[in-house]
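This report concerns only the one structure given below.
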Amino acid sequence: MIAPYKWIDPSTLPHRGETTQNWIAFDEDVDPEIMERWRQRYAGACEANDLAADNDNELPAAATPTKSKLTADEEREYLENFQREQLLPGERGELVFDDAAFRAPSTGPFWHIKEAIIEGFAGDVFMGVLDGAPKLHVDGIVEPITPSAPFPLVDPSEWHGTVATEREWFLSGLIPHRQVTLLSGDGGMGKSLLALQIGATSALAIKTLGLEPRPGRVLYLGAEDEADEFHRRLDDICAAHGREIGDLTDLRILPLADQDAILSEPDAKGNMKATPLWKRVERFVKDWQPGLIVLDTAADLYGGDEIKRSQVRHFVGMLRKIAIGHKCAVLLLAHPSVAGMTSGSGYSGSTAWNNSVRSRLYLTSGEGDARILKTVKSNYGKKGGELHLEWREGVFVTHDPTEPTIADGLIASHDDKKFLAVLSKLNRNGMRPSPNKSPSFAPKMIAKHPDGKGTKTQAMEQAMHRLLDAGKIKVVQEGPPSRRYARLIVSAEDFGGVDDDADSG
């Protein structure tokens with residue numbers, strides 16, 4: 001942008017061929033460099049007019065109407081960002097759609113900012129047709145604008161009377177839209193499978209694990225697995241959701257297991273720089289516009305020092321820039337450090353990983369094939385939430401921790417057999433195991449018996465209730481009418497006495 005000077009109507013400038021004395025009147029008001037620029041520009045315009053006359057009044061090629069570099073929607077988006085990042089609240093003017101001919105050659109209606117203030121001058125900001133660059137129109141003069149570094153100052157009072165937009169989520173409560181989420185998990189927990197399952201169901205526009213991912217295109221960049229492994233996993237995921245792999249037209253996989261997958265690395269001075277691979281990824285994202293980008297894993301993609309906070313922040317900032325700039329969510333997978341696994345925090349090296357992202361999830365193990373997905377950080381939602389999962393037939397399904405698993409069933413069966421065996425022995429030895437809590441409480445007697453070694457009274461009490469419900473053991477009443485007592489026996493064994501039910505009837 002030029003420095004402020006008094007603007008002159010170019011129509012009043014001397015025509016070509018006039019003496020330099022005719023220019024003296026303007027030198028007092030206009031900087032010499034600007035005046036020379038106008039001399040050259042005006043001389044060029046006259047030459048173009050002469051050329052047109054010499055060619056039977058046809059316009060020169062440079063003046064022939066040319067297709068605009070930007071569409072109307074692209075112009076509006078650029079100018080909205082220009083207002084927010086380049087102009088102070090009192091300088092922003094009004095964004096309007098108009099067909100006024102500020103541009104030449106003009107292709108018709110376009111957006112412009114009316115009465116914006118640029119370096120002290122009030123004028124209209126619009127986009128150049130040929131170069132797609134911002135221009136300022138003031139009193140008949142058009143000058144290019146050189147954008148400064150973004151300065152998105154906000155006056156909150158300007159929001160008065162407006163309704164704040166709702167926060168957007170890619171996966172409600174877990175993965176915010178237009179932000180970076182870190183998913184860490186111990187080795188072998190299945191974080192890659194979980195991320196792929198979420199991405200695939202987003203591309204299929206269906207629910208998974210009781211959740212509804214934002215439907216749209218997905219890019220999965222995997223540095224640990226080959227294409228064949230993705231094929232196998234996606235076959236299982238589609239089968240579990242009643243779909244076919246041919247339906248995954250909105251999913252793209254970039255398997256880099258056999259390649260250098262570094263996206264950013266430090267230069268000789270230790271400053272992080274994007275690699276050519278990242279620039280290719282950026283170009284693809286710009287063209288394809290995915291709603292989710294999965295990066296698997298940080299150890300393979302990040303070329304900096306994991307404990308250098310500045311390098312970590314720069315890498316996450318690079319990912320956040322693409323999330324905001326291309327309106328997508330970024331899910332970065334990572335391995336926790338030994339300390340992170342021991343403490344249960346899931347931290348990966350420097351705490352800068354945790355501090356730099358807006359959401360962090362931790363996938364840890366439960367019993368058997370059970371997994372627990374924990375929300376260990378959430379700037380926009382509830383922290384401490386847990387989603388219980390279970391690996392089954394190559395996919396994750398929801399798991400109710402109150403329902404018995406296969407492992408629980410095996411343990412219960414083992415306890416039941418031990419209870420029956422020891423209860424039978426106690427009765428044969430003339431003892432009186434009771435179903436009631438007392439010194440002769442059957443579960444307590446069995447847990448203390450040498451054959452019941454390794455069991456606990458609580459586990460034996462649960463076994464007693466299961467066996468009573470199944471009819472495999474029963475309660476009988478014994479003793480004289482004046483001193484009756486209840487005894488617990490194996491139903492298949494007859495030691496006399498009266499059934500508790502029969503006696504009560």
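We number each residue from 1, following the sequence as shown.
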inquiry  = What verdict does the side-chain contact (heavy atoms from CB on, under 4.5 Å) test give for V490 and N427, after you've listed the backbone C-alpha separation in whole Å, the side-chain angles of each residue and the deciding distance to 0.1 Å?
reply    = CA-CA 9 Å; V490 178; N427 280 296; 5.6 Å; no
Determine, for [X] against [Y], whether the closest basic-nitrogen to carboxylate-oxygen distance falls under 4.0 angstrom.
X: K279; Y: E282; result: no
X: E77; Y: K327; result: yes
X: D369; Y: R392; result: no
X: K191; Y: D296; result: no
X: E168; Y: R214; result: yes
X: E80; Y: R84; result: no

request  = For F441, enumerate each residue passing the ring-ring contact (aromatic ring centres under 6.0 Å, His included) test, keeping only those at least two apart in sequence or located in another chain.
outcome  = none
query = Residues two or more places apart in sequence or in another chain: which of them pass ring-ring contact (aromatic ring centres under 6.0 Å, His included) with F170?
reply = none
task = Any chance you could lay out the side-chain hydrogen bond (donor to acceptor under 3.5 Å, both in side chains) test for S424 and E493, step after step, and finish with the verdict?
result = CA-CA 8 Å; S424 177; E493 299 176 348; 2.5 Å; yes
Would you say the side-chain atoms of [X] and [Y] include a donor-acceptor pair closer than 3.5 Å?
X: T71; Y: D73; answer: no
X: R432; Y: Y485; answer: yes
X: D300; Y: T297; answer: yes
X: S264; Y: H314; answer: no

key: Validation row: L292, C328 side chains within 4.5 angstrom (heavy atoms)   = no
ask   = Ring centres of F315 and W278 under 6.0 Å apart?
value = no
message = I'd like to know if the side chain of R92 reaches the main chain of L87, judged simply by a donor and an acceptor atom lying under 3.5 Å from each other, with no hydrogens or angles considered.
response = yes
message = So, using salt bridge (Lys or Arg N to Asp or Glu O under 4.0 Å) as the criterion, who are the partners of D451 when residues are at least two apart?
response = K425
